[in-house]
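For reference, the structure discussed in these notes is given below.
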Amino acid sequence: PQAVAKCRSAGIKVIMVTGDHPLTAKAIGRKVGIISPGVRTVDEIPGADPFTPLSDPSERPKGIVIHGAELAEMSDQKVDFILANYPEIIFARTSPTQKLRIVEGCQRAGLIVAVTGDGVNDAPALRKANIGIAMGITGSEVSKQAASMILLDDNFASIVIAVEEGRLVFDN
């Protein structure tokens with residue numbers, strides 16, 4: 001949770017994109033802080049529609065979990081809406097094509113996109129991202145070749161440290 005909190009305080013939005021079942025993904029997302037304590041997700045509010053404009057935007061839930069089957073039915077405009085309006089996002093049961101689509105959506109929004117991955121299925125998203133980060137220990141050779149850098153210890157917190165160090169160098 002500390003690494004994700006540091007990312008947020010540095011202006012970095014962390015989005016979880018996984019092949020895991022939505023319930024598993026949400027439990028992990030809560031554990032690591034992608035969904036903050038006390039935050040309700042759209043699926044926890046009966047009858048909530050993630051795209052319905054609200055008279056009071058502050059009433060919109062901050063978190064959302066999107067199943068790959070739902071994502072497959074969404075237009076790019078709806079994907080863009082989710083990326084712009086929900087600060088805490090988990091995409092679950094996603095395919096490699098959908099991971100790539102999420103990266104493209106973030107880039108359409110003008111974001112600099114970093115993607116972490118370890119499998120062959122992550123290679124397209126790693127390649128498309130502004131910064132593709134493959135896992136050095138568990139990563140496949142294909143993911144390492146597709147990435148622009150390799151994380152030697154497979155630890156997300158190391159990325160946060162690298163960003164902090166890079167920003168110090170840039171500031172100087």
Side-chain angles (χ1 to χ4, degrees), residues 1-36 63-72 74 76 79-80 82-84 86-172:
Q2 188 176 12
V4 173
K6 280 186 171 186
C7 284
R8 285 201 177 117
S9 68
I12 299 169
K13 183 174 185 174
V14 179
I15 298 173
M16 181 177 181
V17 183
T18 180
D20 289 340
H21 186 279
L23 292 176
T24 304
K26 187 157 96 173
I28 293 168
R30 285 197 183 278
K31 184 175 180 179
V32 301
I34 292 171
I35 303 291
S36 302
I64 190 165
V65 179
I66 300 289
H67 190 290
E70 294 173 276
L71 181 59
M74 283 183 199
D76 285 346
V79 173
D80 294 348
I82 286 171
L83 294 171
Y86 290 93
E88 303 183 9
I89 304 171
I90 296 174
F91 291 97
R93 286 279 196 238
T94 57
S95 69
T97 304
Q98 290 171 326
K99 290 178 185 184
L100 181 60
R101 185 172 179 216
I102 294 162
V103 170
E104 291 169 344
C106 291
Q107 289 173 332
R108 273 193 309 276
L111 302 174
I112 303 297
V113 181
V115 171
T116 61
D118 61 1
V120 171
N121 61 329
D122 297 317
L126 287 166
R127 190 171 291 112
K128 180 70 176 173
N130 299 92
I131 305 162
I133 306 167
M135 299 296 139
I137 298 170
T138 59
S140 67
E141 285 306 311
V142 172
S143 67
K144 291 176 187 177
Q145 290 173 8
S148 44
M149 67 188 309
I150 298 172
L151 187 62
L152 296 177
D153 65 359
D154 287 14
N155 186 343
F156 182 79
S158 295
I159 298 170
V160 177
I161 293 167
V163 169
E164 288 172 340
E165 294 293 323
R167 287 184 174 181
L168 282 174
V169 170
F170 184 78
D171 288 345
N172 289 325

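Given the structure is predicted, the values throughout are model-derived calculations rather than measurements. Just the heavy atoms: all of them, side chains too, but no hydrogens, waters or symmetry mates, feed the values below.
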Worksheet entry | Crowding at CE, Met149 (>12 non-hydrogen neighbours, <6.0 Å) |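 Check fails, neighbour count at 12 or below.
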Item to complete: Check the surroundings of atom NZ in Lys13: do more than 12 heavy atoms from other residues, nucleotides or ligands lie under 6.0 Å from it?
Response: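 Counting neighbours around NZ of Lys13, more than 12 heavy atoms of other residues, nucleotides or ligands fall under 6.0 Å, so yes.
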Worksheet item: Which of these, Ile35, Ile15, Asp20, Val17, sits in a side-chain contact (heavy atoms from CB on, under 4.5 Å) with Ile90?
Response: Ile35
Do [X] and [Y] touch side chain to side chain, with heavy atoms closer than 4.5 Å?
X: Met74; Y: Gln98; answer: no
X: Val32; Y: Met16; answer: no
X: Leu71; Y: Ile102; answer: yes
X: Arg93; Y: Pro22; answer: yes
X: Leu151; Y: Ile159; answer: yes

Under the side chain to side chain donor-acceptor pair (under 3.5 Å) test, which residues partner [X], sequence neighbours left out?
X: Arg108; value: Asp80
X: Thr97; value: none
X: Asn130; value: Gln107

Worksheet item: Judged by atom type as modelled, is there a donor-acceptor pair below 3.5 Å linking the side chain of Arg127 to the main-chain atoms of Gln145?
Response: no
Worksheet item: Taking the side chain from Asp171 and the backbone from Leu168, do they hold a donor-acceptor pair closer than 3.5 Å?
Response: no
For [X] versus [Y], what's the shortest heavy-atom pair and its separation?
X: Asn155; Y: Ala157; value: OD1-N, 2.9 Å
X: Ala92; Y: Ala25; value: CB-CB, 4.0 Å
X: Gly132; Y: Ala129; value: N-CB, 4.3 Å
X: Cys106; Y: Val113; value: CB-CG2, 3.4 Å
X: Ser140; Y: Gly119; value: OG-C, 3.6 Å
X: Lys99; Y: Asp122; value: NZ-OD1, 2.7 Å

Item to complete: List in chain and number order the residues that pass side chain to side chain contact (heavy atoms under 4.5 Å, CB included) with Ile12, two or more places apart in sequence or in another chain; answer none if no residue qualifies.
Response: Cys7, Ala10, Val163, Arg167
Practice prompt. Kindly write out the residues that satisfy side chain to side chain contact (heavy atoms under 4.5 Å, CB included) with Thr138, not counting sequence neighbours, or none if the list is empty.
Written response: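 For Thr138, the residues satisfying side chain to side chain contact (heavy atoms under 4.5 Å, CB included) (neighbours in sequence not counted) are Asp118, Met135, Asp154.
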First locate atom [atom1] of [X], then atom [atom2] of [Y], and finally report the distance between them rounded to the nearest 0.5 Å.
X: Ile28; Y: Lys31; atom1: CD1; atom2: NZ; value: 8.5 Å
X: Leu100; Y: Leu126; atom1: CG; atom2: CG; value: 10.5 Å
X: Asn121; Y: Thr94; atom1: CG; atom2: OG1; value: 8.0 Å
X: Arg30; Y: Ser36; atom1: CZ; atom2: OG; value: 9.0 Å
X: Ile133; Y: Ser158; atom1: CD1; atom2: OG; value: 10.5 Å
X: Leu23; Y: His67; atom1: CG; atom2: NE2; value: 9.5 Å

Worksheet item: In chain order, what residues pass the salt bridge (Lys or Arg N to Asp or Glu O under 4.0 Å) check against Arg101, with sequence neighbours excluded?
Response: Asp76
